[in-house]
Amino acid sequence: MEIQMKAEMKSALRPSRRRVSALAAGAGAAALSWSVMPSASAARAESAEPAAKPTVVLVHGAFADSSSWTSVITRLRHDGYPVVAPANPLRGAASDADFLECYLKSVKGPVVLAGHSYGGSVISAAAVGNPEVKALVYIAAFVPDKDETLAELGDRFPGATLPQALDPVPYPLPGGGTGTDLYVQKDKFHDAFAADVPRSVTDLMAITQRPLAASVFDEKSTKTAWKTIPSWDLVTTQDHAIAPAEQRFMATRAHAHTIARATSK
(Lines give C-alpha, C1' and ligand atoms only; values in the text may rest on other atoms or scores of the structure.)
Protein backbone atom coordinates (compact mmCIF):
# COMPACT_ATOMS: atom_id res chain seq x y z
CA MET A 1 0.00 0.00 0.00
CA GLU A 2 2.83 2.40 0.81
CA ILE A 3 4.23 2.01 -2.70
CA GLN A 4 0.83 2.73 -4.19
CA MET A 5 0.40 5.80 -1.96
CA LYS A 6 3.76 7.20 -3.11
CA ALA A 7 2.79 6.56 -6.72
CA GLU A 8 -0.49 8.43 -6.23
CA MET A 9 1.35 11.39 -4.74
CA LYS A 10 3.83 11.61 -7.62
CA SER A 11 1.08 11.25 -10.18
CA ALA A 12 -1.07 13.91 -8.52
CA LEU A 13 1.78 16.38 -8.32
CA ARG A 14 2.86 16.02 -11.95
CA PRO A 15 0.24 18.06 -13.86
CA SER A 16 0.61 21.61 -12.55
CA ARG A 17 3.12 23.40 -10.35
CA ARG A 18 0.68 26.23 -9.79
CA ARG A 19 -1.49 23.86 -7.78
CA VAL A 20 1.27 22.07 -5.95
CA SER A 21 -0.04 22.86 -2.48
CA ALA A 22 -3.56 21.72 -3.35
CA LEU A 23 -2.33 18.47 -4.86
CA ALA A 24 0.03 17.78 -2.00
CA ALA A 25 -2.74 18.20 0.53
CA GLY A 26 -4.93 15.99 -1.62
CA ALA A 27 -2.17 13.41 -1.76
CA GLY A 28 -1.98 13.35 2.02
CA ALA A 29 -5.71 12.86 2.13
CA ALA A 30 -5.43 10.03 -0.37
CA ALA A 31 -2.82 8.40 1.83
CA LEU A 32 -5.07 8.69 4.83
CA SER A 33 -7.95 7.08 2.95
CA TRP A 34 -5.82 3.94 2.78
CA SER A 35 -5.06 3.99 6.50
CA VAL A 36 -8.69 4.26 7.54
CA MET A 37 -10.10 1.70 5.10
CA PRO A 38 -11.42 -1.52 6.66
CA SER A 39 -9.62 -4.84 6.23
CA ALA A 40 -9.87 -6.62 2.89
CA SER A 41 -12.48 -9.10 4.14
CA ALA A 42 -14.53 -6.35 5.75
CA ALA A 43 -14.22 -4.27 2.62
CA ARG A 44 -15.66 -7.07 0.52
CA ALA A 45 -18.52 -7.49 2.96
CA GLU A 46 -19.22 -3.77 2.97
CA SER A 47 -18.38 -2.95 -0.64
CA ALA A 48 -21.64 -1.05 -0.95
CA GLU A 49 -20.46 1.41 1.70
CA PRO A 50 -17.46 3.46 0.49
CA ALA A 51 -15.03 4.65 3.15
CA ALA A 52 -15.73 8.18 4.32
CA LYS A 53 -13.14 10.71 3.30
CA PRO A 54 -11.14 12.41 6.05
CA THR A 55 -11.48 16.07 6.87
CA VAL A 56 -8.54 18.12 5.64
CA VAL A 57 -7.60 20.83 8.14
CA LEU A 58 -5.49 23.59 6.58
CA VAL A 59 -3.35 25.83 8.78
CA HIS A 60 -1.87 28.97 7.24
CA GLY A 61 1.47 30.50 8.11
CA ALA A 62 2.72 33.95 9.03
CA PHE A 63 1.73 37.19 7.30
CA ALA A 64 -1.38 35.51 5.85
CA ASP A 65 -4.85 34.32 6.77
CA SER A 66 -7.04 31.35 5.88
CA SER A 67 -7.99 32.87 2.53
CA SER A 68 -4.49 31.94 1.35
CA TRP A 69 -5.84 28.38 1.04
CA THR A 70 -8.71 29.35 -1.28
CA SER A 71 -7.48 27.50 -4.37
CA VAL A 72 -6.57 24.46 -2.25
CA ILE A 73 -10.01 24.40 -0.66
CA THR A 74 -11.67 24.61 -4.06
CA ARG A 75 -9.64 21.68 -5.36
CA LEU A 76 -10.24 19.48 -2.32
CA ARG A 77 -13.97 20.20 -2.19
CA HIS A 78 -14.22 19.37 -5.88
CA ASP A 79 -12.64 16.01 -5.05
CA GLY A 80 -15.17 15.41 -2.30
CA TYR A 81 -13.10 16.13 0.80
CA PRO A 82 -14.52 17.99 3.80
CA VAL A 83 -12.24 20.97 4.43
CA VAL A 84 -11.81 23.49 7.23
CA ALA A 85 -9.21 26.26 7.50
CA PRO A 86 -9.16 27.76 11.01
CA ALA A 87 -7.42 31.04 11.70
CA ASN A 88 -3.90 30.73 13.08
CA PRO A 89 -3.54 33.41 15.80
CA LEU A 90 0.19 33.99 15.06
CA ARG A 91 0.74 35.05 18.68
CA GLY A 92 3.18 32.37 19.85
CA ALA A 93 4.23 28.83 18.95
CA ALA A 94 2.84 27.25 22.12
CA SER A 95 -0.35 29.30 22.35
CA ASP A 96 -1.10 28.88 18.64
CA ALA A 97 -0.66 25.11 19.00
CA ASP A 98 -2.97 25.07 22.04
CA PHE A 99 -5.57 26.98 20.04
CA LEU A 100 -5.38 24.50 17.18
CA GLU A 101 -5.36 21.51 19.52
CA CYS A 102 -8.68 22.66 20.97
CA TYR A 103 -10.11 23.35 17.53
CA LEU A 104 -9.21 19.86 16.30
CA LYS A 105 -11.37 18.36 19.03
CA SER A 106 -14.38 19.87 17.28
CA VAL A 107 -13.61 18.04 14.02
CA LYS A 108 -15.35 14.69 13.84
CA GLY A 109 -13.65 11.65 12.37
CA PRO A 110 -10.23 11.15 10.73
CA VAL A 111 -8.16 14.23 9.94
CA VAL A 112 -5.38 15.10 7.53
CA LEU A 113 -3.61 18.09 9.08
CA ALA A 114 -1.69 20.38 6.72
CA GLY A 115 0.45 23.37 7.58
CA HIS A 116 2.18 25.96 5.43
CA SER A 117 5.43 27.64 6.47
CA TYR A 118 5.12 28.64 10.16
CA GLY A 119 1.91 26.58 10.24
CA GLY A 120 4.13 23.49 10.16
CA SER A 121 5.40 24.27 13.65
CA VAL A 122 1.85 24.68 14.88
CA ILE A 123 0.51 21.39 13.50
CA SER A 124 3.56 19.50 14.81
CA ALA A 125 2.60 20.37 18.37
CA ALA A 126 -1.18 20.49 18.08
CA ALA A 127 -1.57 16.95 16.73
CA VAL A 128 0.21 15.23 19.62
CA GLY A 129 -2.12 12.88 21.47
CA ASN A 130 -4.99 13.21 18.98
CA PRO A 131 -5.77 9.74 17.57
CA GLU A 132 -7.94 11.20 14.82
CA VAL A 133 -5.00 12.93 13.10
CA LYS A 134 -3.86 10.25 10.67
CA ALA A 135 -1.43 12.23 8.51
CA LEU A 136 0.58 15.44 8.62
CA VAL A 137 1.26 17.41 5.44
CA TYR A 138 3.98 20.06 5.44
CA ILE A 139 3.93 22.63 2.63
CA ALA A 140 7.23 24.55 2.48
CA ALA A 141 7.03 24.39 6.24
CA PHE A 142 8.96 24.37 9.48
CA VAL A 143 9.21 20.92 11.07
CA PRO A 144 11.09 21.60 14.31
CA ASP A 145 12.28 18.99 16.77
CA LYS A 146 11.72 19.16 20.51
CA ASP A 147 13.69 21.95 22.25
CA GLU A 148 14.56 23.50 18.88
CA THR A 149 13.78 27.08 17.88
CA LEU A 150 13.03 28.46 14.45
CA ALA A 151 15.85 30.96 14.89
CA GLU A 152 18.33 28.13 15.48
CA LEU A 153 17.18 26.37 12.32
CA GLY A 154 17.51 29.56 10.31
CA ASP A 155 21.04 30.18 11.60
CA ARG A 156 22.02 26.62 10.77
CA PHE A 157 20.75 26.89 7.20
CA PRO A 158 21.26 30.46 5.95
CA GLY A 159 19.97 31.67 2.60
CA ALA A 160 16.43 32.87 3.23
CA THR A 161 15.86 36.53 2.39
CA LEU A 162 12.56 37.01 4.22
CA PRO A 163 14.17 37.74 7.63
CA GLN A 164 15.89 40.81 6.18
CA ALA A 165 12.58 42.06 4.79
CA LEU A 166 10.80 42.25 8.16
CA ASP A 167 9.93 45.42 10.08
CA PRO A 168 9.39 45.27 13.87
CA VAL A 169 6.40 47.10 15.32
CA PRO A 170 5.91 47.28 19.12
CA TYR A 171 2.55 46.65 20.76
CA PRO A 172 1.35 46.62 24.40
CA LEU A 173 0.97 43.23 26.08
CA PRO A 174 -2.26 42.56 28.02
CA GLY A 175 -0.44 41.99 31.31
CA GLY A 176 1.91 44.90 30.88
CA GLY A 177 5.13 45.33 28.99
CA THR A 178 5.71 45.50 25.27
CA GLY A 179 5.71 42.85 22.58
CA THR A 180 6.95 43.06 19.01
CA ASP A 181 5.05 42.24 15.84
CA LEU A 182 6.79 41.57 12.54
CA TYR A 183 5.52 42.79 9.18
CA VAL A 184 6.97 42.14 5.72
CA GLN A 185 8.05 45.40 4.09
CA LYS A 186 5.55 46.12 1.33
CA ASP A 187 8.14 46.81 -1.37
CA LYS A 188 9.86 43.49 -0.61
CA PHE A 189 6.76 41.36 -0.08
CA HIS A 190 6.60 39.86 -3.58
CA ASP A 191 10.23 38.79 -3.90
CA ALA A 192 10.73 37.67 -0.30
CA PHE A 193 7.40 36.04 0.40
CA ALA A 194 5.61 34.89 -2.77
CA ALA A 195 7.74 35.38 -5.87
CA ASP A 196 5.64 32.96 -7.97
CA VAL A 197 2.44 34.90 -7.36
CA PRO A 198 1.46 37.78 -9.70
CA ARG A 199 2.57 41.11 -8.29
CA SER A 200 -0.98 42.46 -8.50
CA VAL A 201 -1.96 39.77 -6.00
CA THR A 202 1.04 40.14 -3.70
CA ASP A 203 0.50 43.91 -3.55
CA LEU A 204 -2.89 43.22 -1.98
CA MET A 205 -1.43 40.52 0.26
CA ALA A 206 1.15 42.98 1.52
CA ILE A 207 -1.53 45.50 2.42
CA THR A 208 -3.74 42.96 4.22
CA GLN A 209 -0.99 40.86 5.84
CA ARG A 210 -1.38 39.70 9.43
CA PRO A 211 1.68 40.19 11.64
CA LEU A 212 3.61 37.48 13.43
CA ALA A 213 4.78 37.87 17.02
CA ALA A 214 8.57 38.10 16.95
CA SER A 215 8.79 35.88 20.03
CA VAL A 216 7.80 32.91 17.85
CA PHE A 217 11.35 32.56 16.56
CA ASP A 218 12.87 32.11 20.02
CA GLU A 219 10.28 29.73 21.47
CA LYS A 220 11.46 26.16 21.91
CA SER A 221 9.31 23.46 20.37
CA THR A 222 7.84 21.23 23.07
CA LYS A 223 5.92 18.61 21.05
CA THR A 224 6.68 16.68 17.86
CA ALA A 225 3.75 14.81 16.36
CA TRP A 226 5.77 13.83 13.29
CA LYS A 227 7.62 11.27 15.39
CA THR A 228 4.47 9.17 15.67
CA ILE A 229 2.20 10.29 12.81
CA PRO A 230 3.04 9.61 9.13
CA SER A 231 4.03 12.78 7.33
CA TRP A 232 4.33 14.17 3.82
CA ASP A 233 6.50 17.13 2.91
CA LEU A 234 6.56 19.40 -0.11
CA VAL A 235 9.98 21.08 -0.41
CA THR A 236 10.09 24.28 -2.48
CA THR A 237 13.55 24.63 -3.95
CA GLN A 238 13.31 28.35 -4.76
CA ASP A 239 11.86 29.40 -1.42
CA HIS A 240 13.01 32.73 0.02
CA ALA A 241 11.22 32.35 3.36
CA ILE A 242 12.68 29.02 4.52
CA ALA A 243 15.95 27.93 2.90
CA PRO A 244 15.50 24.82 0.72
CA ALA A 245 18.39 23.08 2.49
CA GLU A 246 16.59 23.67 5.79
CA GLN A 247 13.37 22.24 4.38
CA ARG A 248 15.14 19.13 3.10
CA PHE A 249 16.90 18.59 6.42
CA MET A 250 13.66 18.78 8.38
CA ALA A 251 11.79 16.54 5.93
CA THR A 252 14.53 13.91 6.01
CA ARG A 253 14.73 13.99 9.78
CA ALA A 254 10.97 13.48 10.01
CA HIS A 255 11.17 10.53 7.61
CA ALA A 256 8.50 12.27 5.57
CA HIS A 257 7.38 11.16 2.13
CA THR A 258 9.03 14.05 0.30
CA ILE A 259 8.49 15.74 -3.04
CA ALA A 260 10.47 18.75 -4.28
CA ARG A 261 9.27 21.38 -6.74
CA ALA A 262 11.08 24.38 -8.25
CA THR A 263 8.76 27.00 -6.82
CA SER A 264 9.09 29.71 -4.21
CA LYS A 265 6.08 28.70 -2.15
Side-chain angles (χ1 to χ4, degrees), residues 17 20-21 24 59-64 68 88 90-94 96-97 115-125 136-169 179-197 199 202 205-206 209-224 226-227 231-265:
R17 291 179 181 176
V20 157
S21 60
V59 181
H60 66 82
F63 316 114
S68 61
N88 185 351
L90 308 180
R91 296 296 82 199
D96 292 347
H116 171 245
S117 196
Y118 165 66
S121 297
V122 178
I123 69 171
S124 291
L136 301 171
V137 180
Y138 295 94
I139 309 296
F142 287 110
V143 192
D145 200 353
K146 186 177 180 181
D147 294 328
E148 198 169 50
T149 71
L150 303 188
E152 290 170 350
L153 283 166
D155 291 341
R156 185 174 179 181
F157 298 94
T161 60
L162 179 61
Q164 289 74 47
L166 300 178
D167 274 341
V169 177
T180 301
D181 267 341
L182 298 175
Y183 290 83
V184 183
Q185 297 169 27
K186 293 182 178 64
D187 61 336
K188 297 180 180 178
F189 194 97
H190 175 269
D191 293 344
F193 189 72
D196 289 340
V197 179
R199 194 173 291 274
T202 58
M205 293 171 64
Q209 65 178 292
R210 291 181 56 217
L212 176 70
S215 59
V216 160
F217 290 99
D218 295 317
E219 282 191 57
K220 289 187 176 182
S221 175
T222 58
K223 302 176 184 178
T224 49
W226 50 263
K227 291 186 177 180
S231 61
W232 280 256
D233 199 310
L234 178 64
V235 173
T236 49
T237 62
Q238 296 178 5
D239 202 315
H240 297 159
I242 306 176
E246 182 179 346
Q247 292 185 46
R248 288 186 181 278
F249 166 77
M250 293 183 290
T252 300
R253 181 176 62 183
H255 302 290
H257 304 286
T258 305
I259 293 174
R261 283 293 179 264
T263 180
S264 69
K265 270 311 203 183

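Just so you know, these numbers come straight off a predicted model, no measurement behind them. Basis for what follows: all heavy atoms, side chains included, without hydrogens, waters or symmetry-related copies.
- H240 places no side-chain N or O within 3.5 Å of a backbone atom of S264 that could act as its donor or acceptor partner.
- Applying the side-chain contact (heavy atoms from CB on, under 4.5 Å) test to A214 and every residue at least two apart in sequence or in another chain returns T180, L182.
- Evaluation of the salt bridge (Lys or Arg N to Asp or Glu O under 4.0 Å) test over residues 147-161, restricted to residues two or more places apart or in two chains, returns E148-R253.
- For the atom pair S68 OG and R210 CZ, the distance stands at 10.0 Å (nearest 0.5 Å).
- Between Y118 and D96, the side chains place a donor N or O and an acceptor N or O closer than 3.5 Å (distance only, hydrogens not considered).
- For D145, the salt bridge (Lys or Arg N to Asp or Glu O under 4.0 Å) partners at least two apart in sequence or on another chain are K227.
- Minimum interatomic distance between I123 and G115 (heavy atoms only, all atoms of both residues): CD1-N, 3.5 Å.
- Residues satisfying the ring-ring contact (aromatic ring centres under 6.0 Å, His included) test with F217, not counting sequence neighbours, are none.
- Closest approach of A64 to L90, counting heavy atoms only: O-CD1, 4.1 Å.
- By the 4.5 Å heavy-atom criterion applied to side chains, P211 and V169 are not counted as neighbours.
- Applying the salt bridge (Lys or Arg N to Asp or Glu O under 4.0 Å) test to residues at least two apart or on different chains, the pairs with a partner in residues 235-247 are D239-K265.
- A search for salt bridge (Lys or Arg N to Asp or Glu O under 4.0 Å) contacts involving K188 returns nothing, not counting sequence neighbours.
- Shown here are the side-chain contact (heavy atoms from CB on, under 4.5 Å) partners of T202, two or more places apart in sequence or in another chain: F189, H190, A194, V197, R199, M205.
- What you find for V216 and A93 is that their closest heavy atoms are CG2-N, 4.0 Å.
- Partners of S124 by side chain to side chain donor-acceptor pair (under 3.5 Å), not counting sequence neighbours, listed by chain and number: Y138.
- With hydrogens and angles disregarded, no donor-acceptor distance shorter than 3.5 Å links the side chain of T236 to the backbone of A140.
- Using modelled atom types, no side-chain atom of R248 and backbone atom of A260 make a donor-acceptor pair closer than 3.5 Å.
- Between P244 and T237, the shortest heavy-atom contact is CG-O, 3.3 Å.
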Could you tabulate the donor-acceptor pairs under 3.5 Å formed by side-chain atoms of residues 159-167, not counting sequence neighbours?
{"from": "D167", "atom 1": "OD1", "to": "Q185", "atom 2": "NE2", "distance (Å)": "3.2"}

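- Taking the ring-ring contact (aromatic ring centres under 6.0 Å, His included) definition, one finds that F142 meets it with nothing, sequence neighbours left out.
- Note on ring orientation: taking the six-membered ring where Trp is involved, the planes of F249 and F157 are tilted (angle from 30° to 60°).
- Every residue meeting the salt bridge (Lys or Arg N to Asp or Glu O under 4.0 Å) condition with R91, not counting sequence neighbours, appears here in chain and number order: D181.
- Rounded to the nearest 0.5 angstrom, Q247 CD and I139 CD1 are separated by 10.0 Å.
- Within the structure, salt bridge (Lys or Arg N to Asp or Glu O under 4.0 Å) pairs that include any residue of residues 213-222 do not occur (at least two apart or interchain).
- Looking at every heavy atom in both residues, A141 comes nearest to I242 through C-CD1, 3.8 Å.
- At distances below 3.5 Å, at least one donor-acceptor pair connects side-chain atoms of W226 with backbone N or O atoms of P144.
- G119 and N88 make their closest contact through CA-ND2, 4.3 Å (heavy atoms, listed as atom of the first residue, atom of the second, distance).
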